[in-house]
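Take a look at the structure set out below.
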Amino acid sequence: MKKAKEIAFRVTFVYVLLGILWILLSDYFSVVLAHEKLNLYIYFQRYKGWFFVLVTGIILYLLVFRRTKEIIDSNERLRKKERQLFIQHEHYHSLFKHNPDGVFELDMEGKIMSVNPEAESLLEATQQELEAIELGRFLDEEDVKGVTDHFMQTLSGKGSMFETNIRTRDNKIKILRCSFIPIIVSGEVTGVFVIGRDITQFRKNEEMMIASEKMSVIGQLAAAVAHEIRNPLTSLKGFLQLMKTTGTVNDEHLDIMQSEVDRIDLISGEMLILGKQQDEHYQTEDVDLILQQVIVLMEAQANIDNISIEYTPKAIEPLYVKAEVNQLKQVFINIIKNAVEAIPFDRKGKIAISVDKKDGEALVIVSDNGVGMEPERIETIGEPFYSTKEKGTGLGLAICKKIIEKHKGKIVFQSEKQIGTVVKICLPLWEG
């Protein structure tokens, strides 16, 4: 409205100004002509009005044409922008509606503003039902605080990604991989987009793969463990025959027999624990204790191949991590087993294992003096179905990498041809 008044005022001002100038100039020329030539004076007076109309008409035409052209061009640009906005809106709407992941739009209070069809399927509820309830109702009590922390972090303008469990109305538990993305308008956060993907089946398949690889490792260890158990059994058999022959019992012999029985019990117990099917359960574990239990098993394989294993715990205090103990054992067994297999029979094999505290993490280092690897092979370690061994599938190290990532740690390989390989595993310490 203000712009229209401004334009009208300018046109009126120009018209009045021209009229005033015309009156002043025409009167002046009329006076001059009246003194010189009466005929010219009469002619001028007759046609000066027509001339004024012609001149002002041309000027007004140019002014109106210019302004009208600007308005038409502006309207055309506006229509193009509206078309572009409409297309963008359709693109975003299509991305929102047909996204294979569940998408939720939340306000600053965490209330649901809108959801796409996949989100409704994910939570097994309609948008109207979801708008009337809080998302926290789908979370277990122990997960609410973590999700709330991610939500508050996103409100500060920084997105986040995490995994959590949700519980639908029929008490079905799903594992959700979530991304929180801030909605920023004019430089201010106005809400949060939540993108969720159901990875329940993916996790089940992953656990099946881990379990399958674990049983494969146990099968490969069985022969070495059987050989390791046979030695103390031979000693026990010899002492029993001696007692039967002499008819006497020697306390020193009994002590040795007890020690051998304890070793058999320890080795068989570790195999049973490792092979037992267990639900995934993370709890506080001592890294040093886990390594000692693994070394008990792996010494059997190492002894057959004439390889020595040296273990050095360097940390003063116990190093506790939040872990699934059998999965960590599986990682350490795979790493040590690979080290054993990498050492040629004609070489005096040595595997050094150490654990220490560094930068708030438990650092486990496993090094060997085996054949080593080329740099290009190190880059592909951990990829499924890629192996440096002729009969290997590559799944062992791929699963190790996946397990360590699930424990929020990292695994690094360093190797030099004909020198050996060093594997570093970092796990965040638990200080709860």
Side-chain angles (χ1 to χ4, degrees), residues 96 99-127 129-183 189 191-211 278-285 321-328 399 401-410 427-432:
F96 180 82
N99 200 312
D101 294 331
V103 182
F104 308 78
E105 182 182 354
L106 309 181
D107 64 10
M108 298 290 287
E109 303 297 324
K111 295 181 179 179
I112 296 177
M113 304 297 293
S114 61
V115 296
N116 70 343
E118 182 61 27
E120 293 178 326
S121 174
L122 198 62
L123 298 182
E124 299 177 5
T126 65
Q127 177 166 333
E129 293 172 331
L130 292 172
E131 288 176 351
I133 59 179
E134 295 182 359
L135 278 178
R137 291 181 57 180
F138 293 95
L139 301 170
D140 289 335
E141 187 176 345
E142 60 268 21
D143 296 325
V144 172
K145 184 181 183 303
V147 175
T148 302
D149 289 343
H150 284 288
F151 180 77
M152 298 306 296
Q153 175 184 324
T154 307
L155 289 182
S156 67
K158 184 179 180 182
S160 62
M161 181 181 293
F162 61 95
E163 293 180 8
T164 188
N165 293 333
I166 61 170
R167 192 181 297 272
T168 59
R169 288 183 301 183
D170 58 357
N171 217 32
K172 185 192 300 180
I173 296 177
K174 297 181 180 180
I175 304 173
L176 215 63
R177 177 176 292 157
C178 297
S179 296
F180 278 11
I181 304 168
I183 303 173
V189 178
V192 173
F193 276 127
V194 179
I195 301 176
R197 172 174 294 185
D198 185 358
I199 60 169
T200 308
Q201 190 59 46
F202 174 79
R203 280 283 178 259
K204 287 180 180 178
N205 294 340
E206 191 176 77
E207 292 306 318
M208 288 175 62
M209 187 173 65
I210 290 174
Q278 295 177 333
D279 294 332
E280 187 173 303
H281 182 61
Y282 286 76
Q283 57 188 15
T284 306
E285 302 288 351
V321 296
K322 201 73 171 179
E324 207 293 312
V325 63
N326 264 10
Q327 289 190 1
L328 275 193
I399 289 172
K401 189 175 181 181
K402 178 64 68 175
I403 290 174
I404 295 300
E405 287 175 353
K406 285 175 64 178
H407 286 73
K408 304 187 186 305
K410 55 183 178 290
L427 295 166
L429 290 174
W430 176 257
E431 299 177 354

Which atoms form the tightest heavy-atom contact between K322 and W430, and what is the distance?
N-CB, 3.8 Å
For the atom pair CZ (F104) and CG (L130), what is the distance rounded to the nearest 0.5 Å?
7.0 Å
Does a sphere of radius 6.0 Å around NZ in K111 hold more than 12 heavy atoms from other residues, nucleotides or ligands, not counting ones at 6.0 Å or beyond?
no
Could you state the interatomic distance from NE2 (H150) to NZ (K158), rounded to the nearest 0.5 Å?
11.0 Å
Heavy-atom count check: over 12 atoms from other residues, nucleotides or ligands less than 6.0 Å from R167 CZ?
yes
When the ring planes of F162 and F180 are compared, do they come out parallel, tilted or perpendicular, using 30° and 60° as the limits?
perpendicular
Considering all heavy atoms, the nearest T164-C178 contact:
CG2-SG, 4.2 Å
side-chain contact (heavy atoms from CB on, under 4.5 Å) with V189: which of L155, I183, T154?
L155
In terms of heavy-atom contacts, D101 and E118 come closest through C-CG, 3.5 Å
Which atoms form the tightest heavy-atom contact between D107 and F151, and what is the distance?
O-CZ, 3.6 Å
If every non-hydrogen atom of S160 is compared with every non-hydrogen atom of Q153, which pair is closest and at what distance?
CB-NE2, 3.8 Å
Apply side chain to side chain contact (heavy atoms under 4.5 Å, CB included) to residues E163 and I199 and explain how you reach the verdict.
CA-CA 9 Å; E163 293 180 8; I199 60 169; 3.6 Å; yes
For N165, which of L139, L176, I175 qualifies under side-chain contact (heavy atoms from CB on, under 4.5 Å)?
I175
Short side-chain to backbone donor-acceptor contact, N116 and F96, under 3.5 Å:
yes
Are side-chain heavy atoms of R197 and F202 found at a separation under 4.5 Å?
no
Taking Q127's backbone N and O only, do any of them form a donor-acceptor pair with E120's side chain (distance below 3.5 Å, no angle check)?
yes
Is it the case that more than 12 heavy atoms not belonging to M108 sit under 6.0 Å from its CE atom?
yes
If you count heavy atoms of other groups shown closer than 6.0 angstrom to CD of Q201, is the number above 12?
yes
Pair K406 + E324, salt bridge at N-O below 4.0 Å
no
State, to 0.1 Å, how close T168 and F138 come at their nearest heavy-atom pair, and which atoms those are.
CA-CD2, 4.4 Å
Decide yes or no for L427 and I404: does some side-chain heavy atom of the first lie under 4.5 Å from some side-chain heavy atom of the second?
yes
With N99, which residues qualify under side chain to side chain donor-acceptor pair (under 3.5 Å), at least two apart?
none
Okay, side chain of D140, backbone of E142: is any donor-acceptor separation there less than 3.5 Å?
no
If we only count heavy atoms from C-beta on, is the H407 to V321 side-chain gap below 4.5 Å?
no
Looking at CG of D198 and CG of L123, how far apart are the two atoms once the value is rounded to the nearest 0.5 Å?
10.0 Å
Could you tell me if the side chain of I173 sits less than 4.5 Å from the side chain of I166, heavy atoms only?
no
